[in-house]
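The sequence lines fix the lettering, A, B, ..., with proteins before strands; numbering per chain opens at 1.
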There are 2 protein chains.
Amino acid sequence: MSEAPGRVDDEHARLVFDVFAQACTSRVTLEHVTGRWGILAMAALRDGTLRFNALRRRVGGVSEKMLAQTLQALERDGFVRRDAQPTIPPKVEYSLTKSGAKTAELLMGLIDFVESQMPEVMEANARYDAAKGL
Amino acid sequence: MSEAPGRVDDEHARLVFDVFAQACTSRVTLEHVTGRWGILAMAALRDGTLRFNALRRRVGGVSEKMLAQTLQALERDGFVRRDAQPTIPPKVEYSLTKSGAKTAELLMGLIDFVESQMPEVMEANARYDAAKGL
DNA sequence: CAGTATCCATTTGGATACTG
DNA sequence: CAGTATCCAAATGGATACTG
């Protein structure tokens, strides 16, 4: 702990890693809810319980694979509850848990704000593109 | 515009498309801020103005390419301001715009909540995995 | 310094077919 | 109905080298 054969970089690298690792603990979870289909699934479930295919139609444009994957991740994280009735044909109902509902609410706050900004965003886009187009 | 050679599916497809398109207007923008590096860049800029490489070190683990891409998208959307001084060597400063700051704030609300839930999330993960592991 | 350009590995994601 | 399994196309993302 006195001589340093490595460079200063070593220490710096550790710092970076720490910050990164710390930020990453929730990163994965965060990406489940902010991900492309995560947002839509959470949003769709805000109105109430839905079965797999109903949810799939509600979201629109999602493949079975991706919806299943998304729902599994959200269920594993405790944001979505999965109620499978062992009947034939199977009936599986999805709904938000308490923390899922809170998350969806926060998500909606962000979405609504961004949506409210869309006119400005489109303007900004146009300005940016025009400046580049010169 | 009277006869419909296509099937009912056509209409359904249009409905799905509409919903999807509507949701998608802000989707792209939303993904810029919720994306992997978008979140980190916005978070890093909350503390103030940063130059490209400083920001890069602050975020940690991001390649030049991805940071440049991320910043361009955020600038194009009007969330980040880019101040380039035509000096040699070049000096470019990045900061949040007003709407960028508001977005970052909402983002932080979401992140903080998810982070506060991490113990429960990890528990949920463990329970889920245990149930699967049987 | 602040990027752009290129190449390449990995990941992502959808269509399809099949199962309980 | 509610998925799983497989295959393959496309997008993502990083390392590297180069430019103004």
Inset, instruction - Mind calculating the distance between CZ (A:Arg36) and P (D:dA10) to the nearest angstrom? - result: 15 Å
Inset, instruction - Could you tell me the separation between the CE atom of A:Met66 and the P atom of C:dA15, rounded to a whole number of Å? - result: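 Answer to the nearest Å: 12 Å.
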When all nucleic acid strands are considered with a 4.0 Å heavy-atom cut-off, which category describes [X]: base, sugar-phosphate, or nothing?
X	answer
A:Glu93	nothing
B:Gln85	nothing
B:Arg82	sugar-phosphate

Let's see if you can work this out: which of [options] has an atom nearest to the side-chain heavy atoms of [X]?
X	options	value
B:Lys65	D:dC1, D:dG3, D:dG14	D:dG14
B:Val92	D:dG14, C:dG3, C:dC1	C:dG3
A:Asn53	D:dA2, C:dG3, D:dT4	D:dA2

Inset, instruction - May I ask you to test the A:Ile111-A:Glu115 pair for a side-chain heavy-atom distance under 4.5 Å? - result: yes
Legend entry - CE (A:Met122) with more than 12 external heavy atoms under 6.0 Å: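 No, because the 6.0 Å sphere around CE of A:Met122 holds 12 heavy atoms or fewer from other groups.
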Using a cut-off of less than 4.0 Å, is there contact between a side-chain N or O of [X] and OP1 or OP2 of [N]?
X	N	result
B:Tyr94	C:dG3	yes
B:Trp37	D:dG14	yes
A:Arg51	D:dA2	yes

Rounded to the nearest 0.5 Å, how far apart are [atom1] of [X] and [atom2] of [Y]?
X	Y	atom1	atom2	answer
B:Gln117	A:Phe79	CD	CZ	6.5 Å
A:Thr34	A:Ile39	OG1	CD1	6.0 Å
A:Leu96	A:Thr103	CG	OG1	8.5 Å

Legend entry - Watson-Crick or G-U wobble mate for D:dG20, both contacts under 3.5 Å: C:dC1
Inset, instruction - Name the pairing partner of C:dA15, where a pair is Watson-Crick or G-U wobble with both distances under 3.5 Å, or state none. - result: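 Partner of C:dA15: D:dT6.
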Inset, instruction - Starting from the 5' end of DNA chain D, give me the residue, A:Glu64 or A:Pro90, whose nearest nucleotide shows up first. - result: A:Pro90
Inset, instruction - Select from B:Phe52 and A:Arg56 the residue whose nearest nucleotide in DNA chain C is closer to the 5' end of that strand. - result: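 This one resolves to B:Phe52.
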